[in-house]
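All remarks here apply to the structure that follows.
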Amino acid sequence: MEQNLEKIFQDKIDREVRIEPKDWMPEKYRQTLIRQISQHAHSEIIGMLPEGNWITRAPSLRRKAILLAKVQDEAGHGLYLYSAAETLGISRDQMYDQLHTGKAKYSSIFNYPSLSWADMGVVGWLVDGAAIMNQVPLCRSSFGPYARAMVRVCKEESFHQRQGFEILYVLSKGTEAQRKMAQDAINRWWWPSLMMFGPKDDESPNTIQSMKWKIKRFSNDELRQKFVDVCAEQVKVLGFTLPDNDLKWNEERGHYDFGAINWDEFWQVVQGNGPCNKERLDARKKAWEEGAWVRDAALAYANKKAKQKQAAA
Amino acid sequence: MKNEIDFLLHLADNALIIGHRNSEWCGHGPILEQDIAITNIALDYIGQARNFYQHAAELINQQPTNISVTLTGNDMVLPATEDSLAYLRDVREFKNLLITEIPNGDWAQTTLRLFLLSTFQLQLFTQLLQHSDTQVAAIAEKSIKEVSYHLKWSQDWVLRLGDGTEESKQRMQTAIENIWAYTGELFIQPEFATAACLNYSAIQTAWNQKVSAVFEEAGLSIPPKTFVQKGGANGMHTEHLGYILAEMQYLQRAYPNSEW
């Protein structure tokens, strides 16, 4: 019976038919999606912090308004991703709990500090750029709610990336101090951005199954290469450089070659030893704990009102 | 004209500073949906500030140079822009109401402040629809749509927290006690608020009615007569504003004459 269901399920996937929440699915598929979607949702929420860090210091009213709108978008992405995950039978509170206890991960990129205004440009250009590279294929994810959420997320992310690039473009035309600020930000964020695609293919334990289930369409290394190829060209428009002496065009491969990634740093940050891991998680836990009385009051009030309505009916 | 420009700066400064305070919640709200709501409200206020500053800058730049300089502040570069007005004036030149600059406190204090302020703003902006400067009337019209939502949203929170749990009621009552001394200033007509359409005592009457009704429904009480803290419109601020400006203006001050 189970085998039969599994065959129907895989057939659907092979024919590119979307899996919907009420359809039968293997437990491992469900768990993989819960892990991936909740991790993605957490990344959006934690990702609000390094950018939120600059809202009160944005250098012009126009930049302030754009940054507010952008960070608000990230919160919105978190919201529909949590909703997509909820269709798989887990509650938002359970997911928060997994985040707060360290059971669930989020993208390690947000464990790096945003130290200057130029970081707002680089986060948009490189971090959102890498996210788009990862996420565009997810619009064709085999799980319907996730795929549909990603269509909207990708539209907004593409706006975020352009505004980031535009911040850097203005800095590149600015004073010497502004150009230095921008180059420094690129130097600090470049390697962590490359790490956003995850471990090398031969060290990525979940890739093969996820590709078979069409949760994932390209491997980590394929996407990473694509990202390097795009950025190596875009950085020329800015007149800045990427901090990699081994970066050069390889005619034969039709791709840029690039230097070795510091995987030790990657695993250190994943394990919680990045510069801001503790701060980011503490900020979220504080918001959650200090908000408990607000949520309790809202619930108590809603119950009271519902009772009054019932009594009146 | 000086009066109209000062009045525009007063409205712009109110919007900018309350927008700044609300934006401090971004990423730290008690509920994700509410985090989005308060960030959106902050964004509305930054938009209002931009509209008022842009119009003020336009009027300033139409004045003879010697007058423009006294209008904009000590060491301002002309022509004035929305950013020079927001980022290059110091504490004594800001004209915002004190209620906008006091710290957020907890969620009760933040939502209560917004309720008290947006009740005032809805009345004020409604009067401004009759302003003889059609640009002011147009900004007021656009702002009314936003402020009506801010009022509804914050009023819902005053009711919810006032009539929620014991703790939330206590916190809301404490917030009222913390903020009340700053509400009297709302109804003191600034010297520069000389437009014919303005009637501050009518604003006060409507405000009293609204606030009393909501407090009564929420089971909250208005404190006995308290001393009124005032002076914001004349540049006499609390110590909090200096820190807000230090943070907000840091890049413009540290890297002068740069484009961003």
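Predicted model only: the values in this text are computed from it and were never measured.
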So, Arg160(B) side chain and Leu299(A) main chain: donor-acceptor pair closer than 3.5 Å or not?
no
Leu32(B) and Tyr96(A) have their tightest heavy-atom pair at CB-OH, 3.7 Å
Chain A shares the most heavy-atom pairs under 4.5 Å, among Lys169(B), Glu33(B), Glu167(B), Glu24(B), with Glu33(B)
In this structure, CD of Glu290(A) is separated from CH2 of Trp107(B) (nearest 0.5 Å) by 13.0 Å
Item to complete: Decide if atom CD of Gln310(A) counts as having more than 12 heavy atoms of other residues, nucleotides or ligands within a radius under 6.0 Å.
Response: no
Check: His28(B) and Leu49(A) side chains under 4.5 Å, non-hydrogen atoms
yes
Turns out that what part of Gln252(B) lies under 4.5 Å from chain A's heavy atoms comes down to side chain
Under 4.5 Å to a heavy atom of chain B? For Leu79(A) that would be both
Please indicate whether Glu176(A) has more than 12 foreign heavy atoms, meaning atoms of other residues, nucleotides or ligands, lying under 6.0 Å from its CD. yes
Bottom line for Ala86(B): the part with an atom under 4.5 Å from chain A's heavy atoms is side chain
Please determine whether the number of non-hydrogen atoms from other residues, nucleotides or ligands lying under 6.0 Å from atom CG of Asp93(A) exceeds 12. yes
Under 4.5 Å to a heavy atom of chain A? For Leu43(B) that would be both
Counting heavy-atom pairs under 4.5 angstrom with chain A, the leader among Arg171(B), His20(B), Glu166(B), Gln34(B) is Arg171(B)
Correct closest heavy-atom pair for Ser258(B) and Thr175(A) would be OG-CG2, 3.9 Å
Strictly distance-based, threshold 3.5 Å: is any side-chain N or O of Arg295(A) a donor or acceptor partner for the main-chain N or O of Pro30(B)? yes
Between Glu82(B) and Arg62(A), the two heavy atoms sitting closest are OE2-N, 4.3 Å
I want to check something: taking the side chain as every heavy atom from C-beta on, are Leu251(B) and Trp54(A) in contact at a cut-off of under 4.5 Å? yes
Ala58(A) and Tyr87(B) have their tightest heavy-atom pair at O-OH, 2.7 Å
Quiz item: Okay, side chain of Lys304(A), backbone of Asp163(B): is any donor-acceptor separation there less than 3.5 Å?
Solution: yes
Cut-off 4.5 Å, heavy atoms of chain A, and the answer for Trp25(B) is neither
Bottom line for Ile36(B): the part with an atom under 4.5 Å from chain A's heavy atoms is both
If you tally heavy-atom pairs under 4.5 Å between each of Glu74(A), Arg92(A), Glu289(A) and chain B, the highest tally belongs to Arg92(A)
One option among Asn40(B), Asp106(B), Thr39(B), Ile244(B) has the most heavy-atom pairs under 4.5 Å with chain A, and it is Asn40(B)
Leu61(A) and Asp83(B) have their tightest heavy-atom pair at N-OD1, 2.9 Å
Verdict with supporting geometry, Thr165(B) and Trp293(A), side chain to side chain contact (heavy atoms under 4.5 Å, CB included) = CA-CA 8 Å; Thr165(B) 60; Trp293(A) 71 269; 5.6 Å; no
Please tell me if the side chains of Cys26(B) and Gln72(A) come closer than 4.5 Å, counting only heavy atoms from C-beta onward.
no
To the nearest 0.5 Å, atom CD1 of Ile46(B) lies from atom CG of Leu67(A) at 11.0 Å
Does Glu247(B) reach the main-chain N or O of Arg57(A) with its side chain, forming a donor-acceptor pair under 3.5 Å?
no
Ranking Ala75(A), Ala177(A), Ala283(A) by heavy-atom pairs under 4.5 Å to chain B gives rank one to Ala75(A)
Residue from Thr81(B), Leu16(B), Leu159(B) scoring the most non-hydrogen pairs under 4.5 Å with chain A is Leu159(B)
* Should we say atom CD of Glu177(B) is surrounded by more than 12 heavy atoms from elsewhere, each under 6.0 Å from it? -> yes
Heavy-atom nearest pair, Glu259(B) first then Val170(A), reads O-CG1, 3.8 Å
